[in-house]
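Encoded as structure tokens, the structure appears first; notes follow it.
The structure presented is a predicted model; accordingly, all values stated were derived computationally and were not measured.
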Amino acid sequence: MDFGFTLKPENDLARTVDLTKRAEANGFTYGWLFDSHVLWREAYVLLTLMGQASERLRLGTCVTNPATREPSVTASALAVLDELTDGRMDLGIGRGDSARRVLGKPPTTMATLEEAITVIRDLVEGRSVQYEGTELQLPWTGSWKLPVWVAGYGPMALAMTGRVADGLIIQLADPDLIRWFVDQVREAEAAAGRPAGSVRVQAAAPAHVGSLELCRKRTRWFPALVSNHVVDLVTKYPRDRLPQALTGYIADRAGYDYHHHAEVGSTNSAFVGDEVTDRFCVLGSVDDHVAKLRLLADAGVEQFNVYLMNGDEEEILEIYGRDIIPSLASVRPGETTAPRR
């Protein structure tokens with residue numbers, strides 16, 4: 001299993017660099033950044049610093065979108081960052097949530113997202129592309145390989161991911177729900193004539209080590225964040241097409257203040273109970289983390305991406321590097337003997 005970490009761009013520049021160095025030293029292989037340019041610091045400037053501060057980490061957005069970031073601009077930024085890092089950039093992309101909502105605008109359409117993926121990938125990899133009636137090419141790019149990870153939960157997003165993406169970002173750590181998502185992606189791969197396993201699977205969620213009471217307090221914000229996407233889903237699909245384990249917990253949701261997005265202790269999480277917090281996050285003792293991560297690997301997860309924004313970030317990196325990553329280093333998706341819940 002690979003391990004990544006995601007930073008919320010609220011840290012000052014020096015701490016962003018320090019956390020990047022600590023993560024690489026502790027065995028993490030991916031570094032990601034939220035991209036919501038009004039709420040937090042500019043992601044591409046921080047990715048430049050992270051690229052300079054690391055030697056092996058693959059880096060990317062978790063996630064950007066094709067509306068606040070016009071596709072040719074994203075492609076140009078990633079191609080230059082590939083030049084800086086010798087080809088260590090990935091693209092994490094979705095329809096847009098906080099970056100769009102704080103502007104008073106909705107997420108983009110799935111068609112817009114799919115077109116943007118093609119445009120960005122082709123430009124970074126040195127190919128010419130027709131976009132909005134004009135032929136575009138980056139004549140100076142090094143023709144880098146750009147892995148594209150799509151964040152999504154709904155049937156249309158999963159089908160598109162299976163057709164065109166290199167990876168799937170699932171923002172939760174519930175093994176049973178992940179199996180439901182992965183099965184749909186594998187079906188879409190097959191329908192598109194792609195080999196099984198073409199799409200790598202990432203579970204992205206908070207992880208915190210300590211007593212369950214403390215861990216729940218620090219991470220209860222996360223199911224509230226996920227609820228924004230679930231609300232979108234239930235407006236688009238009949239509820240019988242979606243798992244109750246995903247949709248059931250939003251019944252008492254009153255609303256969401258994006259100015260307190262991904263914030264420990266936010267009132268956004270008032271409706272979130274312990275059960276869903278435990279399912280969606282990785283919490284408890286080191287042994288609890290290892291056991292949950294084995295279940296995630298058994299469900300098809302190839303990368304666990306720690307949302308590193310719950311306090312004690314340096315300590316969490318050290319614990320993962322010392323006690324957890326080595327225990328999962330040889331685990332492959334679907335090959336564990338972990339009992340299913």
SB check [X] [Y] (cutoff 4.0 Å):
X      : Y      : answer
Asp298 : Arg179 : yes
Arg15  : Glu314 : yes
Arg121 : Asp166 : yes
Asp232 : Arg100 : no
Lys217 : Glu213 : no

### Query
Quick one: does Arg241's side chain have a donor or acceptor within less than 3.5 Å of a partner on Pro155's backbone?
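Such a contact is absent between Arg241 side chain and Pro155 backbone.
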### Ser128 side chain to Gln137 backbone, donor-acceptor under 3.5 Å
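No, Ser128 side chain to Gln137 backbone: no donor-acceptor pair under 3.5 Å.
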#### Entry: Polar contact flag, side-chain donor to acceptor under 3.5 angstrom, Thr16-Arg41
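No, no side-chain donor-acceptor contact under 3.5 Å.
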### Message
Between Tyr256 and Tyr258 (judged by ring centroids, cut-off 6.0 Å), do the two rings come close enough to count as a pair?
### Response
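They qualify: ring centres under 6.0 Å apart.
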### Task
Heavy atoms only: give me the nearest Ala203-Phe304 pair and the separation to one decimal.
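Shortest heavy-atom contact: O-CD1, 3.3 Å.
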### Heavy-atom pair with the smallest gap, counting every atom of Asp278 and Lys292
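For Asp278 and Lys292, the tightest heavy-atom pair comes out as O-NZ, 3.1 Å.
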#### Entry: Aromatic ring pairing Trp221/Tyr307, orientation class (parallel under 30°, perpendicular over 60°, tilted between)
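Ring orientation of Trp221 relative to Tyr307: parallel.
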### Task
Just say parallel, tilted or perpendicular for the rings of Phe34 and His261, cut-offs at 30° and 60°.
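Taking His261 first and then Phe34, their aromatic rings sit tilted (interplane angle of 30° to 60°).
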### Task
Answer with yes or no whether the hydrophobic clustering places Leu158 together with Met156; edges join I, L, V, M, F, W, Y residues whose side-chain heavy atoms lie under 4.5 Å apart.
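As far as the 4.5 Å side-chain criterion goes, Met156 and Leu158 are connected within one cluster.
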### Query
If you count the non-hydrogen atoms of other residues, nucleotides and ligands that lie under 6.0 Å from CG in Asp183, is the total more than 12?
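Buried by this count: over 12 neighbours within 6.0 Å.
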### Residue Lys105 excluded, over 12 heavy atoms near NZ under 6.0 Å
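Check fails, neighbour count at 12 or below.
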### Task
Scan residues 252-269 for pairs that pass salt bridge (Lys or Arg N to Asp or Glu O under 4.0 Å), counting only residues two or more places apart or in two chains.
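Matches after skipping sequence neighbours: none remain.
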